[in-house]
Structures are given as C-alpha cells and as structure tokens.
K.L.:
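My structure is below; once you've seen it, I'll send some questions.
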Amino acid sequence: MSLLLIGEYNHNVDAKGRLSVPFKFREDLGSKVVVGRGPDKCLRIYSYEQFEKFVDSLEEQLDTSLKEDRDLFRNFTAKVDRCEFDSQGRIILSKNLREYAGITKEVKVIGNGKVAEVWDRETYEENFPEEEYTSEKMSKKISEKKLRF
C-alpha cells in the first residue's frame, strides 16, 4: 500500500478525547493506527504498517547495549496507543498524549508524508505562521536547500 498523507484540517477533540480523523487520511491509514508522541510537542498517527517499519528502523539504528539508546527506543514504543476508528471515523487520544501535546479542544490535523500529525491549533499557528510561508520565502528556502522538483 502506498501511503501519502497531505493537507491540513481543523478539527476538535471532545471531552472524552475523541478526534475525528479526516476521511482522506482514514482511507490511507487503514482501520487500526498507532498514535504516539512527535518530536515537536505534537502527536503522530501512523498506520500499523508504517509504525512497524519505524520500529524496525529504530532497532537497526540504535545500539541497545547503551542505556541512552534503550531509553530512546522505549520513549518511542511505550508512549504510544493502538487505536481503532469507530463508526464515525474517530479515535480516542489518551489523556497522557493530549497533555504531552497541550491539546485541549481545537486541533490542526496535518499530513506529513507517511504520518499524520495532530497539533494544538494555537501551537501550530505559533510555530508555522502564514507569513513565514510566502512564495518568496519558500523560493529562498528551496534554493538554499538545493531542492529539485
């Protein structure tokens, strides 16, 4: 299965921690997902298949004879939840994960290639203000990174 999650969507998390995942994402993610901490105080939603690849990659890259590497591996594998979509396309974000990302109600759900990210909407807008992504500034960043399209 090819996985390409793109776009950004405004959603709400209800008092029970339920999040409606965009339909376009659900189609690609499958019926079961893994939700975990992202490195930038956001949550990441992985398909089961993608999370398995992620864990395999970590196992290959980390030296588990080192405590620091074992701790890092544990952070990525213990602080996650397995979720299934309900009939309305929602998953439950645990209290621990919501607290980590500062999520209370309004969120931004974005596609980031092979994973979806869930951000507290205010945090997302502070980190990625529209004025930073004008065509002029993006052209400069593309040129600096020598990206080819």
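Quick note: residue numbers are just sequence positions, from 1.
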K.L.:
Is it true that Val35 and Phe25 fall in one hydrophobic cluster, defined by side-chain heavy atoms closer than 4.5 Å?
P.N.:
yes
K.L.:
Quick test of your reading: applying side chain to side chain donor-acceptor pair (under 3.5 Å), list the pairs with at least one residue in residues 73-85, sequence neighbours left out, ordered by first then second residue.
P.N.:
Asp71-Arg74, Asp81-Ser94
K.L.:
Can you see which heavy atom on Leu62 is nearest to which on Leu72, and at what distance?
P.N.:
CD2-CD2, 3.9 Å
K.L.:
Counting only heavy atoms from other residues, nucleotides and ligands, does the tally under 6.0 Å from CD of Glu144 exceed 12?
P.N.:
yes
K.L.:
If you group Ile, Leu, Val, Met, Phe, Trp and Tyr whenever their side-chain heavy atoms sit less than 4.5 Å apart, what else falls in with Ile92?
P.N.:
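Besides Ile92, the hydrophobic cluster comprises nothing; the residue is isolated.
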K.L.:
Where is the tightest heavy-atom contact between Leu4 and Asp28, given as atom of each residue plus distance?
P.N.:
O-OD2, 3.4 Å
K.L.:
Do any N or O atoms from the side chain of Arg121 and from the backbone of His11 form a donor-acceptor pair under 3.5 angstrom?
P.N.:
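Yes: the side chain of Arg121 pairs with the backbone of His11.
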K.L.:
Report whether Leu97 and Val13 are members of the same hydrophobic cluster (ILVMFWY, side-chain heavy atoms less than 4.5 Å apart, transitive linking).
P.N.:
yes
K.L.:
Counting distance only, does the side-chain N/O of Asp40 pair as donor-acceptor with the main-chain N or O of Cys42 below 3.5 Å?
P.N.:
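Not confirmed, Asp40 side chain does not pair with Cys42 backbone.
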K.L.:
Look up atom CZ in Arg44 and atom CZ in Phe76, then write down how far apart they are to the nearest 0.5 Å.
P.N.:
8.0 Å
K.L.:
Tell me whether Leu43 shares a hydrophobic cluster with Val80, the cluster being built from Ile, Leu, Val, Met, Phe, Trp, Tyr side chains joined at under 4.5 Å.
P.N.:
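Per the 4.5 Å side-chain linkage, Leu43 and Val80 are not co-clustered.
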K.L.:
Verify the distance criterion only: is there a donor paired with an acceptor across the side chains of Asn112 and Glu117 at less than 3.5 Å?
P.N.:
yes
K.L.:
Using the salt bridge (charged side-chain N to carboxylate O under 4.0 Å, His left out) criterion, which residues pair with Arg26? Sequence neighbours excluded.
P.N.:
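Counting only residues at least two positions away or on another chain, Arg26 forms no salt bridge (charged side-chain N to carboxylate O under 4.0 Å, His left out).
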K.L.:
Kindly compute the distance separating CG (Asn10) from CD1 (Ile110), expressed to the nearest 0.5 Å.
P.N.:
11.5 Å
K.L.:
Has the side chain of Tyr124 got a donor or acceptor atom that lies under 3.5 Å from a matching backbone atom of Val109?
P.N.:
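Absent.
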K.L.:
If you group Ile, Leu, Val, Met, Phe, Trp and Tyr by side-chain heavy-atom gaps below 4.5 Å, do Val55 and Val115 land in one group?
P.N.:
yes
K.L.:
Quick check: do Val33 and Phe85 have side-chain heavy atoms less than 4.5 Å from each other?
P.N.:
yes
K.L.:
Tell me whether the rings of Phe51 and Tyr46 are parallel (<30°), tilted (30 to 60°) or perpendicular (>60°).
P.N.:
perpendicular
K.L.:
Do the side chain of Arg70 and the main chain of Thr64 share a donor and acceptor less than 3.5 angstrom apart?
P.N.:
yes
K.L.:
First locate atom CE of Met138, then atom CG of Leu147, and finally report the distance between them rounded to the nearest 0.5 Å.
P.N.:
9.0 Å
K.L.:
In terms of side-chain geometry, is the basic nitrogen of Lys53 or Glu49 positioned less than 4.0 Å from the acidic oxygen of its partner?
P.N.:
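Yes, charged N to carboxylate O under 4.0 Å.
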K.L.:
Drop me the distance from Glu122's CD to Ile103's CD1, to the nearest 0.5 angstrom.
P.N.:
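Separation between the atoms: 13.0 Å.
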K.L.:
Any chain of hydrophobic side-chain contacts (each under 4.5 Å) joining Leu5 to Val107?
P.N.:
yes
